[in-house]
Amino acid sequence: MSEILVYQPAHASQSTYVEARGLRQHVLVWGDLSAVSAHNPLVVMVHGWMDVGASFQFVVDELLARPDWAGRTVVALDWRGFGHTQPPAATDCYFTPNYLADLDALLAVLSPAHPIDLVGHSMGGNIVMLYAGLRPQKIRRLVNLDGLGMPATEPSQAPEQYVKWLDELQQPVALKAYDNVQGVADRLRANNPRLREDRARWLAGHWAREEGGRWVINADPAHKRPQPFLYRVEEVKAIWAHIACPTLLVEGADTNYFAFWTGRYGREEYLSRTEVIRDFRVVTVADAGHMLHHDQPEAVAEHLAVHLALPKCP
């Protein structure tokens, strides 16, 4: 049999836990939190739906290999109910405002005195855009990795959305378990064929855990249930209009993000919404899909390094 290769991180992270909003919240740390200052801002990365903070390892390795990133500190959060962060007791669904409040509480501990550089992928990209508009004074630079919003809604859709939510609350929900860690890695690669085998095998050990002889996904199944609230574009744009920092969207050239909406929403509509952001630009990563930080971590890291560069000393 051929040897199974597993990715070997060049820069190991350390786990820490922060008690915030009644939950033991997990944070991965690369570097020294005590080195964070106004001149050396903390870089905070937040993951997407059904993912974990460890997902950023491949990009972080590329960043920290750069001479211009020597001494910088990076953290990646596990959102509530994902990875090693606790789910709320007896919760049956998850709401965007709670992610915003969790991020606010964590930043009060991780970087209480200094603005940060904030990076979010997918669901996390949508959350960081909102957060940067709500707390503009806390963000020095902002990066959105393929977090491209949702279709516009009309008030008339509210009854149907609430009924759907109520109906799904009455149904049990579960996540598939796997026979071994290789089964988890195979699932990751089935979702994203661009993901290298060695990276998939490493990530599988963070995406899932062994429990009772099976490998169980590190996520509360309640994440699969919808929110009852409509996505209100005008409210989102009103928040984005308060983003005060330079903002970068990094998109995968082959993202399937918009395909999910089956013609109800597209890239042009998303970009038209961003016109309210005063300093916004877009870069595209070739040969990358929605999971661009897995597909092309070198290219993503290059774009991050340019956008998050520190001012040169005079």
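Excluded from the calculations below are hydrogen atoms, water molecules and symmetry mates; all remaining heavy atoms, backbone and side chain alike, are included.
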* Asked: Is the CZ atom of F260 crowded by more than 12 outside heavy atoms at less than 6.0 Å?
  -> no

Can you label the angle between the H223 ring and the F82 ring as parallel, tilted or perpendicular, going by 30° and 60°?
parallel

Exercise. Classify the ring geometry between F95 and F229 as parallel (under 30°), tilted (30 to 60°) or perpendicular (over 60°).
Key: tilted

Compare every heavy atom of [Y] with every heavy atom of [X], then report the nearest pair and how far apart it is.
X    : Y    : result
H307 : L142 : NE2-O, 3.1 Å
L292 : G252 : CD1-N, 4.0 Å
G147 : N126 : O-OD1, 3.2 Å
I239 : L130 : CG2-O, 3.4 Å

If only atom types and distance count, is the side chain of [X] paired as donor or acceptor with the main-chain N or O of [Y] below 3.5 Å?
X    : Y    : result
D78  : H84  : yes
T274 : L271 : yes
S122 : G124 : no
E251 : G289 : no
Q8   : V6   : yes
R72  : W69  : no
Q25  : L77  : no
D61  : H11  : yes
Y99  : M123 : no

message: Using the ring centroid of each side chain, check whether H121 and H290 are separated by less than 6.0 Å.
response: yes

| task | Taking the six-membered ring for Trp and the single ring otherwise, decide whether the centroids of W202 and F58 are under 6.0 Å apart. | result | yes

> Any link between W79 and W207 through a network of hydrophobic side chains (Ile, Leu, Val, Met, Phe, Trp, Tyr) touching at under 4.5 Å?
Replying inline: yes

Can we say [X] and [Y] salt-bridge, meaning some charged N sits less than 4.0 Å from an Asp/Glu carboxylate O?
X    : Y    : value
R140 : D117 : yes
E275 : K237 : no
R225 : D92  : no
D254 : R194 : yes
E168 : K224 : no

Only residue of H294, R199, H206, H47 satisfying side chain to side chain donor-acceptor pair (under 3.5 Å) with S55 is H294

Anything under 3.5 Å between a donor and an acceptor, one on a side chain of residues 177-185, the other on a protein residue two or more places apart or in another chain? List them.
{"from": "Y178", "atom 1": "OH", "to": "R187", "atom 2": "NH1", "distance (Å)": "2.5"}
{"from": "D179", "atom 1": "OD1", "to": "R214", "atom 2": "NH1", "distance (Å)": "2.1"}
{"from": "N180", "atom 1": "OD1", "to": "Q182", "atom 2": "N", "distance (Å)": "3.2"}
{"from": "N180", "atom 1": "OD1", "to": "G183", "atom 2": "N", "distance (Å)": "2.8"}
{"from": "Q182", "atom 1": "OE1", "to": "R201", "atom 2": "NH1", "distance (Å)": "2.8"}
{"from": "Q182", "atom 1": "NE2", "to": "D186", "atom 2": "OD1", "distance (Å)": "2.9"}
{"from": "Q182", "atom 1": "NE2", "to": "E197", "atom 2": "OE2", "distance (Å)": "3.0"}

Show me the donor-acceptor pairs, under 3.5 Å and distance only, between side chains in residues 151-160 and residues at least two apart or in other chains.
{"from": "T153", "atom 1": "OG1", "to": "Y231", "atom 2": "O", "distance (Å)": "2.8"}
{"from": "Q157", "atom 1": "OE1", "to": "E154", "atom 2": "N", "distance (Å)": "2.7"}

L33 versus L110: any side-chain heavy-atom pair under 4.5 Å?
yes

